[in-house]
There are 2 protein chains.
Amino acid sequence: MVLSRTSQYAIQALIYIATQPPGEPVLNRDIADRLNVPAAYLAKILQSLCKHGLLDSFRGRLGGFCLREGMQRTSLMQVLLLTEGPDFTKSCILGLKECTDETACPMHFKWKPVKNKIIAMMNDMHLEDLAKAVQTGKYRLADLPAAALPAA
Amino acid sequence: MVLSRTSQYAIQALIYIATQPPGEPVLNRDIADRLNVPAAYLAKILQSLCKHGLLDSFRGRLGGFCLREGMQRTSLMQVLLLTEGPDFTKSCILGLKECTDETACPMHFKWKPVKNKIIAMMNDMHLEDLAKAVQTGKYRLADLPAAALPAA
DNA sequence: TTCCTTAAGGAGTTTTTTGTCCGAATTATA
DNA sequence: TATAATTCGGACAAAAAACTCCTTAAGGAA
Ligand code: FES
Ligand code: FES
C-alpha cells in the first residue's frame with residue numbers, strides 16, 4: 001500500500017542489525033534467515049545502504065555488516081529517501097507531476113494532511129527506538145516461520 | 001507512494017465521467033485525451049470497471065461509457081478495492097502477512113492510526129463530490145498539457 | 001602460504017505492471 | 001443494406017521490480 005519490497009527489506013534489515021551488539025558484524029545470511037527474505041536480493045540492498053553510508057561492511061571471516069557509527073538515530077525517512085528515491089515526499093496521490101496548493105488535484109486538500117502525517121511519522125521513527133521495541137519481544141520483524149505455527 | 005498507476009487512472013477517469021452529463025456516453029478516447037493517459041490501457045481499466053458494475057458501456061455510434069445509475073456516490077474505497085485488490089486495507093507497512101494488534105511489527109502502533117486515516121478518507125470521498133470540485137475549475141484532473149504552459 | 005569465509009559487483013532471469021495492437025462484435029445512421 | 005464508429009477480448013511487447021547466479025576481491029585463521 002505504501003512501500004516497495006526493497007524499502008521493507010531495508011528497514012527490516014536495519015532494525016535487525018540495530019538490535020545486534022554494535023561492532024560485531026552481522027552476516028547477510030543470518031539477516032536473510034531471520035527475516036525470511038531472499039539472501040541474494042537482500043545482499044544488493046545492504047550493499048546499497050553501505051554506499052549511502054548507513055552501514056559498514058567487512059569481508060572475509062568475521063565479516064558482515066554493522067550500523068555505521070552514529071547511525072543508530074537514523075530516521076526511517078532517511079532510509080526511504082534512499083530506497084524510494086528523493087521524490088518520496090513530493091508525490092500527488094493521483095499521480096500528477098506537481099503536488100502543491102496551487103496545482104491541486106481534487107484529492108489534494110484531503111490528502112495533504114494525511115501525507116504530512118506519514119512524513120512526520122517517518123521522520124519520527126529511528127532505528128534505535130525500533131530496535132529497542134523489537135528487543136522487548138512484543139513486536140515482530142518478520143512473519144512467524146512455519147516451525148513456530150501451531151502444528152496442523 | 002500509495003496507489004498504482006491503474007488505480008490513479010481509474011479514479012481520474014471515473015471523476016471525469018462524473019463531471020459529464022449523465023446518460024451521455026463518454027468516449028474512451030476523449031477521456032484518455034483529457035487525462036493524457038494511454039488510451040489502450042485506459043480502455044482495459046474501463047472495461048474492468050464495467051465488469052464490476054461501476055460503469056455501463058455502449059458500443060457503436062454514440063457509444064462510450066457512463067456511470068451506472070446510482071454510482072455517483074461510489075466512494076474511492078469501493079474503487080480501490082477493485083483496482084488494488086480486496087486486501088488493500090489489510091496490509092502491514094513492513095510487509096508482514098498479518099497486521100493486527102496481536103501480531104504487531106515495530107511500526108504497527110504508529111502506522112495504524114495513519115492507515116485508518118487513509119481508509120476513512122477513501123471511504124469519505126465520493127465521485128459526485130470530487131466531480132463537483134473539478135467543475136469549479138479550482139482543481140486539476142491531469143497535468144497541464146504542454147500547450148497550456150507558458151510559451152518558451 | 002594456503003584455505004575458507006565473506007562481501008562486491010556484474011550479468012542475467014523471472015515476475016509483475018504497464019502499455020500496445022489487432023480482429024471481431026455491436027450499433028446508429030445514411 | 002452498407003458504412004463508420006465504437007467497445008470487447010485476446011495476444012503481444014516493453015518496462016520496471018524482484019530475484020538469482022557466478023566470478024572476483026579481500027580478510028582471518030590454520
Ligand atoms: S496535487 Fe494531488 S495530492 Fe497534491
Ligand atoms: S503489523 Fe506492521 S503495520 Fe500492523
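Naming: A, B, ... by sequence-line order, numbering from 1 per chain.
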Using the C1' atoms of the five pairs at each end, what is the angle between the end axes of the helix from C:dT1-D:dA30 to C:dA30-D:dT1, to 10°? 10°
Going by side-chain heavy atoms closer than 4.5 Å, which hydrophobic residues are tied to B:Y139, directly or by a chain of links? A:F109
Checking B:K132 now: which residues fulfil salt bridge (charged side-chain N to carboxylate O under 4.0 Å, His left out) with it, not counting sequence neighbours? none
Under a 4.0 Å heavy-atom cutoff, the residues of residues 5-23 of chain A touching DNA chain D are A:R5, A:T6, A:Y9
Quick one: side-chain contact (heavy atoms from CB on, under 4.5 Å) partners of A:R5, sequence neighbours excluded? A:Q8, A:Y9
Taking only distance into account, with no hydrogens and no angle test, what donor-acceptor pairs under 3.5 Å do side-chain atoms of residues 84-95 of chain A form with protein atoms, sequence neighbours excluded?
{"from": "A:E84", "atom 1": "OE2", "to": "A:S4", "atom 2": "N", "distance (Å)": "3.0"}
{"from": "A:E84", "atom 1": "OE2", "to": "A:S4", "atom 2": "OG", "distance (Å)": "2.7"}
{"from": "A:E84", "atom 1": "OE2", "to": "A:S7", "atom 2": "OG", "distance (Å)": "2.4"}

Taking only heavy atoms on the protein side, list every residue of residues 45-56 of chain B lying under 4.0 Å from any atom of DNA chain D, sorted numerically. B:Q47, B:K51
Validation: residues 65-73 of chain A side-chain donor-acceptor distances under 3.5 Å, sequence neighbours left out:
{"from": "A:R68", "atom 1": "NE", "to": "A:G53", "atom 2": "O", "distance (Å)": "3.4"}
{"from": "A:R68", "atom 1": "NH1", "to": "A:D56", "atom 2": "OD1", "distance (Å)": "2.6"}
{"from": "A:R73", "atom 1": "NH1", "to": "A:E128", "atom 2": "OE1", "distance (Å)": "2.4"}
{"from": "A:R73", "atom 1": "NH2", "to": "A:H126", "atom 2": "ND1", "distance (Å)": "3.3"}

Could you pull out all residues at least two apart from B:K112 that satisfy side-chain contact (heavy atoms from CB on, under 4.5 Å)? B:D101, B:H108, B:N116
Quick one: list whatever passes salt bridge (charged side-chain N to carboxylate O under 4.0 Å, His left out) with A:K110, sequence neighbours left out. B:D124
Summarise how protein sits on nucleotides 20-30 of chain D as a single string, 5' to 3': B when a protein heavy atom is under 4.0 Å from the base, S for sugar-phosphate-only contact, - for no contact. B----BBBSS-
Quiz: residues 23-32 of chain A side-chain donor-acceptor pairs under 3.5 angstrom, not counting sequence neighbours:
{"from": "A:N28", "atom 1": "OD1", "to": "A:A43", "atom 2": "N", "distance (Å)": "3.4"}
{"from": "A:N28", "atom 1": "ND2", "to": "A:A39", "atom 2": "O", "distance (Å)": "3.2"}

